Amino acid sequence: MLRSFTSKRSLQSLLHHHHRRCRQNPQFPIFNPRPFSSSPGPPSSDAELRKYIGYTLLLLGSAAATYYSFPFSENARDKKAQLFRYAPLPDDLHTVSNWSGTHEVRTRTFLQPESIEELEGIVKEANVRKHKIRPVGSGLSPNGIGLTRAGMVNLALMDKVLSVDKEKKRVTVQAGIRVQQLVDEIKEFGITLQNFASIREQQIGGIVQVGAHGTGARLPPIDEQVISMKLVTPAKGTIEISKEKDPELFYLARCGLGGLGVVAEVTLQCVERQELVEHTFLSNMKDIKKNHKKFLSENKHVKYLYIPYTDAVVVVTCNPMSKRKGPPKNKPKYTTEEALQHVRDLYLESLTKYRAQVTDSGSPDEPEIVELSFTELRDKLLAMDPLNKEHVIKVNKAEAEYWRKSEGYRVGWSDEILGFDCGGHQWVSETCFPAGTLSKPSMKDLEYIEELMQLIKKESVPAPAPIEQRWTACSKSRMSPAYSSADDDIFSWVGIIMYLPTMDARQRRQITEEFFHYRHMTQAQLWDHYSAFEHWAKIEVPKDKEELAALQARLKKKFPVDAYNQARKELDPNRILSNNMLEKLFPSSEAV
């Protein structure tokens, strides 16, 4: 059955409800003012003047009492009062937020079909009524690209594996299936996905549409694994596209941002399931420069984690385990407890210093500290003084020490190894830019990092760790930031971050302002010079009109915006699959 949260409530019905309450309850009297008279009356007496002054004071007193007794939510205590903004929500109004906690909408329409037939009916009806139903996946995009208050459709109930071709290593799935669920269901066939992003909770439709990626200079972004897909479009119904069937639309829609149709089914090219050996070790920029080409060419997967205000670079490589050699015999020098001890010591030391400022942590006892993971400890440490550069440097140095004591090997299946604990709520900006070819890297990727580190120091940015750098081969999807017509091109992806380790509204606002200042500096100094473009799931729409116009012009130079808008016009003429972000990034020529 179709699951829907939708309702209508007219202003007339609200007024009628209020009128009925007034008649039934003397606490809500109906106010019937006497009509004005055009004839002059007798002069006002002192008594009448005092009466009107009294009415005025009573009105002002009532307003003040209402203001200060209004039930604000706890996280709104630092916000400015705005009329009606914090009024109790109607029962049919639902809040939908992204995983990062940075974007949130309230909507009355959130549809979850259980079959492609129901989805087709939803899209058809919405198109007739010109009612928006923006496709939204698991809500993991840091910029909330799938959100809109006008209405959304989510395929979480369309999560089946439809067919598996073991010989060709292909699988066809409904687009609402989550990555981890898919991997679990196909491992009995001895196959898995070619690569993974940091986490496993994305829906397949969503992870493909935003051009998500893993790491490995020989491995393309995840959209390249798609060999065919089924789109439910408002204007043309359900269409099937592939490299052979309508290739022009296929390469445009494969990374289509949910704007060309609701992705209902996807066929993916998989690979043989393998155990990987992960090697984590601490390096520095001097050694990285010396070995960079070797790291890129000799490792199936490799990434660097830079720690600002230190020379530490965490290198993580992953490669198929040798059947001849077996797993590595090296034993770690330190236990997990020993690796965490320095971070725990800093936490206890800082807790004493900042005790008066910590409102939601209290005074944890020893067992609670022992139960915290590294990322949880880092969040608690940063929450004490997130914008104090000296405090952040201490936390970063503790992180470098943690990684030094975490050096070693780990063996596991690719879906177990190729993940990364990203931490809690956060702001993140990730850019993608060309880095030469695998046989001849340009070294621009390391130059980018060096300039970024210099910028952080020069501007005293309280930048936490890590700054993550990954690589992919190119994509043939025309809307991918890693698109290239040359097969051997490689791209580097660099992500900067600021955590939101507290629910205090004022503190979150201050961190947000600092992060966008940080991001703006990297944009001004680095993006144009390195031809860097933001990940679609992490791009933010500027509020300033001039900045927005500059972004639109920049996107038009890199991506086939006219072709994309033309396809939107043909497949979704009423823009029911769009939202404010898409309209801002890709305004139609008519709108311009």
Side-chain angles (χ1 to χ4, degrees), residues 195 211 213-221 224 279-319 400 403 420 428-459 461 463 465-475 480-497 518-519 521-535 538 554 557-558:
N195 212 345
H213 63 96
T215 190
R218 285 188 173 88
L219 303 173
E224 270 292 309
H279 183 201
T280 301
F281 60 95
L282 203 63
S283 186
N284 55 64
M285 200 60 175
K286 182 179 178 180
D287 288 343
I288 289 291
K289 284 182 176 181
K290 188 186 304 181
N291 296 292
H292 182 52
K293 294 180 181 180
K294 178 181 175 182
F295 287 155
L296 288 183
S297 62
E298 294 185 1
N299 293 288
K300 185 174 182 180
H301 307 273
V302 62
K303 66 180 176 183
Y304 301 158
L305 305 176
Y306 300 91
I307 303 179
Y309 296 105
T310 77
D311 193 35
V313 184
V314 183
V315 181
V316 184
T317 65
C318 289
N319 293 289
W403 285 113
F420 184 66
V428 60
S429 170
E430 185 179 30
T431 55
C432 173
F433 56 93
T437 64
L438 190 59
S439 59
K440 192 176 180 181
S442 66
M443 302 299 284
K444 291 288 186 182
D445 42 8
L446 299 188
E447 291 176 17
Y448 185 102
I449 292 295
E450 286 186 308
E451 282 198 52
L452 175 57
M453 291 300 192
Q454 290 169 6
L455 180 65
I456 289 171
K457 287 185 178 180
K458 178 183 175 183
E459 300 295 335
V461 179
I467 292 173
E468 185 179 27
Q469 184 170 38
R470 294 178 284 176
W471 292 265
T472 67
C474 68
S475 169
S480 169
Y483 168 78
S484 175
S485 58
D487 293 340
D488 56 348
D489 282 352
I490 62 173
F491 289 79
S492 179
W493 303 72
V494 175
I496 60 172
I497 195 168
Y518 178 18
R519 174 182 172 274
M521 287 190 297
T522 64
Q523 175 185 351
Q525 183 162 323
L526 302 173
W527 292 7
D528 283 342
H529 181 66
Y530 289 93
S531 299
F533 289 83
E534 279 189 297
H535 190 310
K538 296 164 187 176
R554 197 167 183 271
K557 289 180 180 179
K558 165 72 174 176

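Along the sequence shown, the residues carry numbers beginning at 1. Everything numeric in this text was worked out from a predicted model, so none of it was measured.
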Self-check item: Tyr304 and Trp471 aromatic ring geometry - parallel, tilted or perpendicular at 30°/60° bounds
Solution: perpendicular

Quiz prompt | Lys/Arg-Asp/Glu bridge criterion (N-O < 4.0 Å) met for Glu430, Arg470 | solution = yes

Self-check item: Criterion side chain to side chain donor-acceptor pair (under 3.5 Å) on Thr431 and Tyr448, from CA distance to verdict
Solution: CA-CA 11 Å; Thr431 55; Tyr448 185 102; 3.0 Å; yes

Practice problem: Determine whether the side chains of Asp489 and Ser484 contain a donor N or O and an acceptor N or O closer than 3.5 Å. | Solution: yes

Practice problem: Grab the two heavy atoms, one from Ser297 and one from Leu438, that are nearest each other, plus how far apart they are. | Solution: CA-CD1, 4.1 Å

Quiz item: Minimum heavy-atom separation for Ala486 to Cys474, with atom names?
Solution: O-SG, 3.3 Å

Quiz item: Is there a donor-acceptor contact under 3.5 Å from the side chain of His301 to the main chain of Thr215?
Solution: yes

Practice problem: Report yes if the side chains of Val314 and Leu282 come closer than 4.5 Å at any heavy-atom pair, otherwise no. | Solution: yes

Exercise. Kindly determine whether Ile307 and Trp403 satisfy side chain to side chain contact (heavy atoms under 4.5 Å, CB included), including the steps that lead there.
Key: CA-CA 10 Å; Ile307 303 179; Trp403 285 113; 4.1 Å; yes

Exercise. Would you indicate whether the side-chain heavy atoms of His213 and Phe491 approach each other to under 4.5 Å?
Key: no

Quiz item: Just checking, is any N or O donor in the side chain of His279 or Asn299 under 3.5 Å from an acceptor N or O on the other one?
Solution: no

Exercise. Answer yes or no: is there a side-chain heavy-atom contact under 4.5 Å between Glu298 and Asn319?
Key: no

Self-check item: Derivation and outcome, side chain to side chain contact (heavy atoms under 4.5 Å, CB included), residues Gln469 and Leu446
Solution: CA-CA 9 Å; Gln469 184 170 38; Leu446 299 188; 4.1 Å; yes

Quiz prompt | Distance-minimising heavy-atom pair for Pro221 and Ser480 | solution = CG-OG, 4.4 Å

Quiz item: Rounded to the nearest 0.5 Å, how far apart are CD of Glu224 and CG of Asn195?
Solution: 12.5 Å

Practice problem: Report the C-alpha separation of Trp493 and Thr472 in whole Å, then their side-chain angles, then the decisive distance to 0.1 Å, and conclude whether the side chain to side chain donor-acceptor pair (under 3.5 Å) test is met. | Solution: CA-CA 8 Å; Trp493 303 72; Thr472 67; 3.1 Å; yes

Practice problem: Determine, stepwise, if the pair Lys440 / Asp488 fulfils salt bridge (Lys or Arg N to Asp or Glu O under 4.0 Å). | Solution: CA-CA 10 Å; Lys440 192 176 180 181; Asp488 56 348; over 6 Å; no

Quiz item: Which heavy atom in Ile490 sits nearest to a heavy atom in Ala217, and how many Å separate them?
Solution: CG2-O, 3.5 Å

Quiz prompt | Straight-line distance of Asp487 CG to Thr437 OG1, nearest 0.5 Å | solution = 12.0 Å

Exercise. Check whether any side-chain heavy atom of Thr522 sits under 4.5 Å from a side-chain heavy atom of Ser429, and report yes or no.
Key: no

Exercise. Mind listing the closest non-hydrogen atom pair of Tyr530 and Lys444 along with its distance?
Key: CE2-O, 3.5 Å

Quiz prompt | Any side-chain heavy-atom pair of Asp311 and Met285 under 4.5 Å | solution = yes

Quiz item: Looking at Lys294, His292, Lys293, which one forms a side chain to side chain contact (heavy atoms under 4.5 Å, CB included) with Leu296?
Solution: His292

Practice problem: State, yes or no, whether a side-chain contact exists between Gln454 and Lys457 at a heavy-atom distance under 4.5 Å. | Solution: no

Exercise. Only one of Leu452, Ile467, Val494 passes side chain to side chain contact (heavy atoms under 4.5 Å, CB included) with Tyr306; say which it is.
Key: Ile467

Self-check item: Nearest atoms (heavy-atom pairs only) where Pro481 meets Cys432
Solution: O-SG, 3.6 Å

Exercise. Working to the nearest 0.5 Å, report the span between CG of Leu455 and CE of Met521.
Key: 5.0 Å

Quiz item: Is there a donor-acceptor pair under 3.5 Å between the side chain of Ser531 and the backbone N or O of Phe433?
Solution: no

Practice problem: Determine whether Lys289 and Glu450 make a side-chain contact, defined as any pair of heavy atoms from C-beta on separated by less than 4.5 Å. | Solution: yes

Self-check item: N/O donor-acceptor pair under 3.5 Å between Tyr309 side chain and Ile456 backbone
Solution: yes

Exercise. Would you indicate whether the side-chain heavy atoms of Glu534 and Arg519 approach each other to under 4.5 Å?
Key: yes

